[in-house]
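The block underneath contains the structure these notes are about, expressed in structure tokens.
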Amino acid sequence: MLDAMFVAGGLVGLYFGAEWLLRGAVALSMRLAIPTLIVSLVIVGFGTSMPELLVSIRAALAGSPDIALGNVIGSNTANILLIIGVCALIFPITHWDSNVRHDALVMVGASVLLLALVQFEAIGRLAGLLMVVLLITYLLYTYRMSKTRAEALSQDIVQQKKLKPAMIALLILGGLATLFVGAELLIRGATNLARYFGISEAVIGLTVVAVGTSLPELATGIMSAMKRHSDIMIGNVVGSNIFNILFILGVTSLLHPIGVDQRFGWFDVPIMLLVTLGLAGFLFSKMGITRIAAGAMLAGYAGYTVLLVQV
């Protein structure tokens, strides 16, 4: 019971911590007149990926590499099948900024790279350095090529520039502290529950932890869909998936090499890559994501979750 409370408390901490950090970071960027593109791509992408980062680092240092790696793989799969599926079910996604196709190609490339890396026994520091360098290169290229790209920000984010400096600092520091506490509680409760029920840490990382760390993206996506701006959410999901692989796994493996369970190489990452290719296919086509497609995505995620326990 105590471990279940740890997991629940950790999920709540991750959600509110990410929300506060994101609000503070965006408000700070607005006050400092940082370009909107950087706000949308870097600040928002980094902010919504903070739960995954802290959980993966904490898990790797605690000797739970399966949770560290499963967290990222499961989050990317959930971001596409679960989050986009739920949002498209609320309001079909029929249009989006065509520039996101370039980001989709990077997302596919990062997924292919991860598939290659999990064929080895561990993701070492050299691989981590490569991923971080690739991310920096991608961000610099995007900034230089897309200075004039119009980025859509929701009204509540725009209004954050009215916040006072003290409130901004409180949001950022409070968000970080809450994230750290949430990550600690989630990892402790999840690992103990896995051992108690005889469930592998990989499955826990791919399900409970992955969905928990994707709560910021889910909440943002649902809000956008309800306001009929679900196309905005596409960019957030694509950006988060890129950050999850290149930034989170890159930084985590730089700090501590991540051991790789064989199942990731032949089952979980190939499925993640297949789902990623499916999303890229939608973005390059003009079909859009209808409610029927959204239902298929959610059914696919449910089926994948069932298979996780059996593999």
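Both backbone and side-chain heavy atoms feed into the values below; hydrogens, waters and symmetry mates do not. When a residue number appears, it is its place in the shown sequence, counting from 1.
- For the residue pair Phe264 and Ala202, the shortest heavy atom distance occurs at CZ-CB, 3.9 Å.
- Gly189 approaches Val7 most closely through the heavy-atom pair C-CG2, 3.5 Å.
- Taken together through direct or relayed side-chain contacts under 4.5 Å among Ile, Leu, Val, Met, Phe, Trp and Tyr, Leu277 and Val72 form part of one hydrophobic cluster.
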Self-check item: side chain to side chain contact (heavy atoms under 4.5 Å, CB included) assessment of Ser111 paired with Ile245
Solution: CA-CA 7 Å; Ser111 300; Ile245 295 175; 3.8 Å; yes
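- Closest approach of Val209 and Val55 over heavy atoms only: CG1-CG1, 3.5 Å.
- With rounding to the nearest 0.5 Å, the separation of OH in Tyr141 from NE2 in His102 is 6.5 Å.
- Annotation: side chain of Leu139 is not in contact with side chain of Ile136 (no heavy-atom distance under 4.5 Å).
- Residues Leu81 and Met287 share a hydrophobic cluster, clusters being chains of Ile/Leu/Val/Met/Phe/Trp/Tyr side chains in contact below 4.5 Å.
- Between Met297 and Ile289, some side-chain heavy-atom pair lies under the 4.5 Å cut-off.
- Between the CG atom of Leu54 and the CG atom of Leu186 there is a distance of 11.0 Å, given to the nearest 0.5 Å.
- Here salt bridge (Lys or Arg N to Asp or Glu O under 4.0 Å) pairs that include residues 252-264, with residues two or more places apart or in two chains, are Arg263-Asp268.
- We find the CG-CD1 distance between Leu206 and Ile67 to be 10.0 Å, quoted to the nearest 0.5 Å.
- Applying the under-4.5 Å side-chain rule to Ile, Leu, Val, Met, Phe, Trp and Tyr, the cluster around Leu185 extends to Leu2, Phe6, Val181.
- Note that CE of Met272 is 8.0 Å distant from CG of Asn241, once rounded to the nearest 0.5 Å.
- Using a 4.5 Å heavy-atom threshold, the side chains of Leu105 and Phe284 count as touching.
- Residue Leu135 is grouped with residue Leu129 when hydrophobic side chains (ILVMFWY) are merged at heavy-atom distances under 4.5 angstrom, including chains of intermediate members.
- Using a 4.5 Å heavy-atom threshold, the side chains of Phe267 and Leu307 count as touching.
- Note: Leu117 CG to Ile123 CD1 = 5.5 Å, rounded to the nearest 0.5 Å.
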Extract all donor-acceptor atom pairs below 3.5 Å that involve side chains of residues 246-260 and protein atoms in other chains or at least two apart in sequence.
| unit_1 | atom_1 | unit_2 | atom_2 | d |
| --- | --- | --- | --- | --- |
| Thr252 | OG1 | Ile248 | O | 2.7 |
| Ser253 | OG | Leu249 | O | 2.6 |
| Ser253 | OG | Gly250 | O | 3.2 |

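- In this structure, Leu298 is not a member of the same hydrophobic cluster as Val306, with clusters built from ILVMFWY side-chain heavy atoms closer than 4.5 Å.
- One side chain, Ser56 or Asn71, offers a donor N or O that lies under 3.5 Å from an acceptor on the other.
- For the pair Tyr301 and Val275, the minimum side-chain heavy-atom distance is 4.5 Å or more.
- The two atoms that bring Val238 and Met107 nearest to each other are CA-SD, 4.0 Å, heavy atoms only.
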Exercise. Run the numbers on Asn244 and Ser75 for side-chain hydrogen bond (donor to acceptor under 3.5 Å, both in side chains), then give the verdict.
Key: CA-CA 8 Å; Asn244 284 350; Ser75 289; 4.9 Å; no
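- Counting all heavy atoms, side chain and backbone alike, Leu89 lies closest to Ala294 at N-CB, 3.6 Å.
- Proximity of Ile204 to Ile199: side-chain heavy atoms (C-beta onward) are separated by under 4.5 Å at one or more points.
- Side-chain contact between Leu134 and Leu113: present, with at least one pair of heavy atoms (C-beta onward) separated by less than 4.5 Å.
- In this structure, Val118 is a member of the same hydrophobic cluster as Val112, with clusters built from ILVMFWY side-chain heavy atoms closer than 4.5 Å.
- Within the 4.5 Å cutoff, the side chain of Ile73 has heavy atoms near those of the Leu114 side chain.
- The minimum heavy-atom distance linking Arg291 with Ile90 is given by the pair NH2-O, 3.1 Å.
- The CD1 atom of Ile83 lies 11.0 Å from the OG1 atom of Thr77; values are rounded to the nearest 0.5 Å.
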